[in-house]
Number of protein chains: 2
Amino acid sequence: MKAKNVREKLLDSAQMLISKNGYSAVSMRAIAQAAGANVGSLTYHFGSKANLLREIYLLHTGPMNARRMELLGEALRIDDLDARLVAILRAYVLPAFSMSENGVGGGAEFTRMRAVLTAEGNKDASTIIADTFDETSRSFLRAISGCIPGASLEGLIWCSQFLLGSLYYALINPERVTRLSDGKVDGANRDVAVEQLVQSSFASFKNLTSKEDVSP
Amino acid sequence: MKAKNVREKLLDSAQMLISKNGYSAVSMRAIAQAAGANVGSLTYHFGSKANLLREIYLLHTGPMNARRMELLGEALRIDDLDARLVAILRAYVLPAFSMSENGVGGGAEFTRMRAVLTAEGNKDASTIIADTFDETSRSFLRAISGCIPGASLEGLIWCSQFLLGSLYYALINPERVTRLSDGKVDGANRDVAVEQLVQSSFASFKNLTSKEDVSP
DNA sequence: GTCTATATAGAGATAGAC
DNA sequence: GTCTATCTCTATATAGAC
């Protein structure tokens with residue numbers, strides 16, 4: 001835990017506030033205040049609010065996709081198709097929920113921020129988000145497809161869409177889990193969330209297996 | 001398609017704009033302009049932006065939950081557990097995707113707006129959203145539970161969380177489906193989305209069936 | 001019931017002192 | 001590199017004409 005300079009503190013505060021309240025609702029003043037800095041320093045370091053957002057993305061996208069691809073590579077070495085599929089799904093989900101040691105490469109807060117930005121459909125954000133993650137998604141789609149003989153493209157695409165939606169919502173609204181279970185299930189427990197998500201989407205994907213193709 | 005008065009037009013425009021861009025990003029001016037009305041008329045009819053949002057909710061929540069509960073009642077009359085579960089899931093999903101004839105009672109745009117508001121975590125919104133839908137969710141949870149012998153509460157809660165997340169994301173980001181499939185799958189086709197979502201979550205829920213309890 | 005005009009506050013961004 | 005001060009624009013909300 002080394003001391004952070006103002007620039008890093010500003011990036012942290014921005015990510016934290018935007019992931020919680022959305023991009024439009026968070027003012028540069030609020031970001032500066034949360035970082036214990038001044039408004040002027042924001043424009044000095046980043047020039048504009050849109051560019052501040054871009055810098056946050058640049059900090060995470062590369063490392064996060066690298067982690068995903070590395071875990072995917074390991075998963076693809078598994079022979080058993082079911083075990084491989086589970087490993088692939090975990091490779092996709094894990095980096096979205098937890099960061100690497102150096103504090104970049106994904107994590108729940110960054111993912112939650114992405115979820116909020118996607119929902120807002122913000123112009124500043126969409127140009128940045130655009131296809132940053134699509135290449136990785138395609139690699140995972142191919143890998144998943146290889147585990148499910150006879151699955152239709154339509155089914156695969158929709159299931160992967162539902163996987164991402166489930167992932168986002170688990171981070172956006174964990175309170176609902178706790179509330180709906182009368183406190184018996186903790187929505188904020190991310191290890192549990194990851195496992196439940198992996199199991200749930202595994203079942204969905206497996207369900208796509210061509211029904212005619214059940215020869216042993 | 002009867003002629004709409006200014007008040008109704010303002011409600012429509014507000015819902016449309018907020019569902020697309022988020023609550024904070026949409027100004028009262030933009031809402032008034034989209035409705036072909038004046039800013040002053042907004043405060044006259046609704047008093048404040050927060051209350052405008054409340055009125056949109058009041059217009060939909062009652063009828064939408066009524067439709068869901070009616071469809072749920074029909075589903076519960078089905079004897080076969082698998083067929084019943086599918087019907088229950090469809091009863092939950094359908095009203096979120098399409099309105100009743102009178103133009104209220106849910107629909108994709110209203111649901112999308114709810115998704116965006118949840119993501120933004122907006123204060124004005126959260127007090128309104130709060131527990132408006134929780135009672136319905138609880139009824140569905142009980143009904144689903146009755147179809148899956150031996151399912152754990154934890155599994156049921158998480159699967160229902162993933163269902164809602166999938167539903168929201170299907171409406172928030174349909175472009176991703178189209179883009180990821182190179183145009184081969186149309187993310188905007190809501191009939192298909194509903195069926196894919198029902199099938200996918202059916203498989204997830206069924207997967208919760210206690211493995212020990214497979215006596216015929 | 002709907003408009004124009006306006007009050008007040010806050011936004012993003014800039015210039016220049018230190 | 002970080003601050004203060006300020007410019008300009010836009011926000012919500014209000015008051016009063018029609």
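Remember, it's a predicted structure, so these values are computed and weren't measured experimentally.
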| pair Met64(A)-Arg114(A): side-chain heavy atoms closer than 4.5 Å | yes

| Any residue meeting side-chain contact (heavy atoms from CB on, under 4.5 Å) with Arg84(A), in chain and number order, not counting sequence neighbours | Leu76(A), Ile78(A), Leu81(A), Ile88(A), Cys147(A)

| request: State which residues pass side-chain contact (heavy atoms from CB on, under 4.5 Å) with Ser152(A); sequence neighbours excluded, sorted by chain then number. | output: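 Listed in chain order: Glu154(A).
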
| note | In short, side chain to side chain donor-acceptor pair (under 3.5 Å) pairs touching residues 192-205 of chain A with sequence neighbours left out are Arg90(A)-Glu195(A), Ser200(A)-Ser204(B), Ser204(A)-Ser200(B), Ser204(A)-Ser204(B)

Interatomic distance, [X] [atom1] vs [N] [atom2] [rounded to whole Å]:
X        : N       : atom1 : atom2 : value
Lys9(B)  : dG1(C)  : NZ    : P     : 16 Å
Asn21(B) : dA11(D) : CG    : P     : 13 Å
His45(A) : dG1(D)  : NE2   : P     : 7 Å
Gln33(A) : dT2(D)  : CD    : C1'   : 17 Å
Ile31(B) : dT10(D) : CD1   : C1'   : 15 Å

| query | How does protein reach along nucleotides 11-18 of chain C, written 5' to 3' as B (base within reach of a heavy atom under 4.0 Å), S (only sugar-phosphate), or - (no contact)? | reply | BBSB----

| Any Asn38(B) side-chain nitrogen or oxygen under 4.0 Å from OP1 or OP2 of dT4(C) | yes

| note | Taken in chain and number order and not counting sequence neighbours, the residues that satisfy salt bridge (charged side-chain N to carboxylate O under 4.0 Å, His left out) with Arg7(A) are Glu55(A)

| message | Give me each pair satisfying ring-ring contact (aromatic ring centres under 6.0 Å, His included) with a member in residues 16-37 of chain A, each pair once, sequence neighbours excluded. | response |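 Output for this query is empty, none listed.
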
